[in-house]
Amino acid sequence: MAGLKRTHLCGKLSLQNLDEEVVLMGWVHRRRDHGGLIFIDLRDRYGIVQIVFNPDLAGQAFSKAEEVRNEYVLAVKGKVTARPSGTINPNLTTGEIEIYATDLKILNKAKTPPFYISDDVEVDETIRLKYRYLDLRRTEMQKSLILRHKTTKAIRDFLDKHNFLEIETPMLTKSSPEGARDYLVPSRVNPGEFYALPQSPQLFKQILMVAGMDRYFQIARCFRDEDLRADRQPEFTQLDMEISFSDRETIITLVEEMMQYIFKETLNLDLSIPFPRLTYYEAMERFGSDKPDLRFKMELVDISDLVKSCNFKVFQSALATGGKVKGINAEGCGNYPRRQIDDLTKLAISCGSKGLAWIALTDEGLKSPIAKFLTEEELNNIIKKMGGKQGDLLLFVADSPSVVATVLGHLRLEFGKRLNLINPEEFNFSWIIDFPLLEWDPEEKRYVAIHHPFTAPLEADLDLLESEPDRVRAQAYDLVLNGVELGGGSIRIHNRSIQEKMFKLLGLTKEQSLEKFGYLLEAFEYGTPPHGGIAFGLDRMIMLMARKDTIRDVIAFPKTQSASDLMTQAPSPVEPKQLKELHIKLDIVTKKSSDVN
RNA sequence: GGCCCCGUAGCUUAGUGGUUUAAAGCGCCUGCCUGUCACGCAGGAGAUCGUCGGUUCAAAUCCGAUCGGGGUCGCCA
């Protein structure tokens, strides 16, 4: 390095280093040229320190400093000096000192960056992603990646203390039915055959339990070829765990202690445990979501019994077909203009509702298009049950229980944001338990697993498995943080015949289950311990901890919504030779040619 | 696949009921400046308004298509 060796870090210097001769290396954060005196803020990962170039003390270094520009990479030799009184900068951790440069080496020049390396400029994400190496120089981004590192370190430390083994599982594995679309990798040595990248290490970790590993974890990359969202990337990271001889309580308690440890180690926050638990049914009934944001109340109110004999046909027909009528009270929104209520109706319809009934308790009295169908008594009972008072807006949805829940759940969140009911500082954890095991898929005309096909039913519900599959509850649990599903897990089936029964319920033939999962079924016959586990979306967790709105901000090199990497330009076409080796012929239907057809 | 939003100097934005030279701040370049720290002062360069097509005497502005980015529904066991 031009004959110099770094002795100190820019951000770590203080009055304690007074009069020391130091060699620093870093990037030019800013340069202030006063003509006869030059200041350079030198930046490394640890912070910023001010270098002073004075022609009277070091003429050569000074003249070299004149040609320096932002983001040049420098090696600076100099002496740590206390700043003259009145020039202390309280905004810098190193603000009490400065370095009097005696020697300057330009290690590398830099083009003027396309955007400022600074946290207070909002730059278009396209440019940030294209020049990710510049974006990642910003302290805000470095803070996120440091938090990520600290979190995974805390996880490893905690789990190591609790006898977990970190074990890697294959990335090239077997495509399985159920679940998300697989990313496929062609096998050159087995023409026409494909590996799948793992959607999660689920089966491998269960096999590791069969193998007697007792406690396993992995910080595992997972792949799902589905559409992207702010909190969904095609490749993402799971904290995956599995424990033998465990029941639900063991796992829930361990996870609570782990979260407490992680938040203490990384954010120095004390989480109070145990976390509250809600059953799936309760969460849907009260909050209209299986991942309710419990940072605010605004619960759903069931008014079905209050309107069971009213004259409003929409309510009547919903009730007659086994549905419900429920509402929420948007407090203080009673004077919304009609247009705003229409917008809410649109939102409701986009969530699957047929419409939105409302009662506005305006300053000029009650306004409601449905009032004429209700008796005075019915109206009063509804308002009373919903805690309505002057200035409130009561919104109602009548439909099947699941539609009612979805629609009101969305409206509830909308008002939570709109009315600032959410404390952004809060970390609100909760467990959702007793999920249904199965769900009828009308499109595929079969049951699908709500969690996954390896989840064990609640023992109390085992008898229902064949008679009433949709009433069977699962030994599954989700951890929810601030309305985001952080992770989910279950106690697994560890018995071949129950697992086969499960596959059968999911519509797999015996041949299919053997072809896809035969190794698991066989393993189950060689002494499988009861076991269970959980997996967390690490990106989401760190996003919440860093108070970001997208996991892209806590992933070093994320992809765009169209699953491309703007820096490397992946994905991209490959050489015909590569395809030939893989025995792959392309069959691309372009939009234009399909229009012609 | 559906719906919605965005695209103007390097960056952030203004300008859009259709008219001549597209405006500003920051950045960049040059000069001056020995205590600044988002240094200051003076001057300068820099944009065929994402792309293609249409309407029009005239388009950054209106229309259509397309590309790119984002949000969301579907999808995500």
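Letters A, B, ... mirror the listed sequences (proteins, then strands); counts begin at 1.
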Check your understanding: Is it true that a side-chain atom of A:Thr87 and a backbone atom of A:Pro84 form a donor plus acceptor pair closer than 3.5 Å?
Key -> yes
Practice item. Answer with base, sugar-phosphate or nothing: what part of the nucleic acid does A:Tyr116 contact at a heavy-atom distance below 4.0 Å? Key: sugar-phosphate
**Study point:** N/O (side chain, A:Arg128) to phosphate O (OP1/OP2, B:rC11) under 4.0 Å
**Key:** no
Study note, to complete from the structure: note: A:Asn91, atom CG; B:rC39, atom P; distance rounded to Å ~ 12 Å
Every protein N/O lying under 3.5 Å from an N/O of nucleotides 3-10 of chain B:
from, atom 1, to, atom 2, distance (Å)
B:rG10, O2', A:Pro114, O, 2.6

Practice item. Any strand is fair game: report the nucleotide pairing with B:rG68 by Watson-Crick or G-U wobble, both distances under 3.5 Å, or none. Key: B:rC6
Check your understanding: A:Leu37 or A:Thr560: which one's nearest nucleotide on RNA chain B is closer to the 5' end?
Key -> A:Leu37
Point to revise | Given RNA chain B, 5'-ward residue of the pair A:Leu92 and A:Asp124, judged by closest heavy atom | key: A:Asp124
Check your understanding: Is there a Watson-Crick or G-U wobble partner for B:rC62 with both distances under 3.5 Å, and if so, which one is it?
Key -> B:rG54
Point to revise | Electrostatic pair A:Arg496:A:Glu500 at N-O distance under 4.0 angstrom | key: yes
Check your understanding: Reckon A:Ser118 touches a base, only the sugar-phosphate, or nothing at all at heavy-atom distances under 4.0 Å?
Key -> nothing
Practice item. Using a heavy-atom cut-off of under 4.0 Å over every strand shown, decide if A:Arg552 touches base, sugar-phosphate, or nothing. Key: sugar-phosphate
Check your understanding: B:rA38 and B:rC26: how far apart are their C1' atoms, nearest whole angstrom?
Key -> 9 Å
Check your understanding: Just wondering, do A:His34 and B:rC39 stack (centres under 5.5 Å, planes under 30°)?
Key -> yes
Check your understanding: In whole Å, what is the span from the CZ atom of A:Arg31 to the P atom of B:rA38?
Key -> 17 Å
Review point. Contact class for A:Leu566 vs. all strands (heavy atom < 4.0 Å): base, sugar-phosphate, or nothing?
Key: sugar-phosphate
Practice item. First locate atom NZ of A:Lys64, then atom CG of A:Leu74, and finally report the distance between them rounded to the nearest 0.5 Å. Key: 10.5 Å
Practice item. Check every strand shown and say whether A:Phe435 touches a base, only sugar-phosphate, or nothing at a heavy-atom separation below 4.0 Å. Key: nothing
Check your understanding: Atom CD of A:Glu66 to atom P of B:rU34: distance rounded to whole Å?
Key -> 11 Å
**Study point:** Under 3.5 Å donor-acceptor pair, A:Arg232 side-chain atoms to B:rC76 base atoms
**Key:** yes
Check your understanding: Is A:Ile450 touching bases, backbone alone, or none of the nucleic acid, heavy atoms closer than 4.0 Å?
Key -> sugar-phosphate
Exercise for review: Quote, to the nearest angstrom, the C1' distance that separates B:rA9 from B:rC29.
Suggested key: 15 Å
Review point. Side chains of A:Gln233 and A:Asp539: is there a donor and an acceptor less than 3.5 Å apart?
Key: no
Review point. Which part of the nucleic acid, if any, lies within contact of A:Glu122, taking any heavy atom under 4.0 Å across all strands shown: a base, the sugar-phosphate backbone alone, or nothing?
Key: sugar-phosphate
Check your understanding: Just checking A:Glu98: base, sugar-phosphate only, or nothing, at a heavy-atom cut-off of under 4.0 Å?
Key -> base
Point to revise | Nearest-neighbour nucleotide for the A:Glu226 side chain, B:rC76, B:rC37, B:rA38 considered | key: B:rC76
Point to revise | Assigned partner base of B:rA14, Watson-Crick or wobble definition, under 3.5 Å | key: none
Review point. So, A:Gln50 versus A:Arg30: side-chain donor-acceptor pair below 3.5 Å or not?
Key: no
Review point. If we take the C1' atom in both B:rC62 and B:rU19, what is their distance in whole Å?
Key: 15 Å
Review point. What does A:Thr406 touch in the nucleic acid at a heavy-atom separation under 4.0 angstrom: a base, only the sugar-phosphate, or nothing?
Key: nothing
**Study point:** Residue A:Gln561, side-chain heavy atoms: nucleotide from B:rG35, B:rG70, B:rC76 that is nearest
**Key:** B:rG70
**Study point:** B:rG10 and B:rC39, which share atom name P, separated by this distance in whole Å
**Key:** 23 Å
Practice item. To the nearest Å, give me how far apart CD (A:Gln233) and C1' (B:rC75) are. Key: 16 Å
Review point. Could you give the CZ-to-P distance, from A:Arg32 to B:rG27, as a whole number of Å?
Key: 12 Å
Review point. On the ring face of A:Tyr72, is A:Arg69 found with NZ or CZ under 6.0 Å from the centre and within 45° of the axis?
Key: no
Practice item. Considering only atom P, compute the distance from B:rG35 to B:rG25 and round it to an integer number of Å. Key: 27 Å
**Study point:** Any strand: nucleotide that pairs with B:rA22 via Watson-Crick or wobble, under 3.5 Å
**Key:** none
Exercise for review: Would you indicate what A:Asp33 reaches in the nucleic acid, counting non-hydrogen atoms under 4.0 angstrom: base, sugar-phosphate, or nothing?
Suggested key: base
Study note, to complete from the structure: Which of A:Lys111, A:Lys109, A:Arg137 passes salt bridge (charged side-chain N to carboxylate O under 4.0 Å, His left out) with A:Glu71? Answer is A:Arg137
**Study point:** RNA chain B contacts made by residues 79-87 of chain A, counting heavy atoms under 4.0 Å
**Key:** A:Arg83, A:Pro84, A:Thr87
Check your understanding: Counting any heavy atom closer than 4.0 Å, what does A:Asp225 reach on the DNA or RNA strands: base, sugar-phosphate only, or nothing?
Key -> nothing
Point to revise | Nearest listed nucleotide, side chain of A:Thr126, among B:rG68, B:rC76, B:rC37 | key: B:rG68
Check your understanding: Using atom C1' of each nucleotide, how far apart are B:rG31 and B:rC6 to the nearest Å?
Key -> 41 Å
Check your understanding: Roughly how far apart, to the nearest Å, are B:rG27 and B:rG40 at atom P?
Key -> 7 Å
Review point. Using the P atom in both, what is the distance from B:rG54 to B:rG17, to the nearest Å?
Key: 25 Å
Check your understanding: Has A:Asn70 got a side-chain N or O lying under 4.0 Å from the OP1 or OP2 atom of B:rC28?
Key -> yes
Check your understanding: Within the structure shown, what part of the strands sits under 4.0 Å from A:Arg229 by heavy-atom distance: base, sugar-phosphate, or nothing?
Key -> base
Point to revise | N/O (side chain, A:Ser564) to phosphate O (OP1/OP2, B:rG69) under 4.0 Å | key: yes
Check your understanding: Picking from B:rU12, B:rG27, B:rC73, which would you name as closest to the side chain of A:His410?
Key -> B:rC73
Review point. Within 45° of the axis and under 6.0 Å from the centre of the six-membered ring of A:Tyr281, does NZ or CZ of A:Arg473 qualify?
Key: no
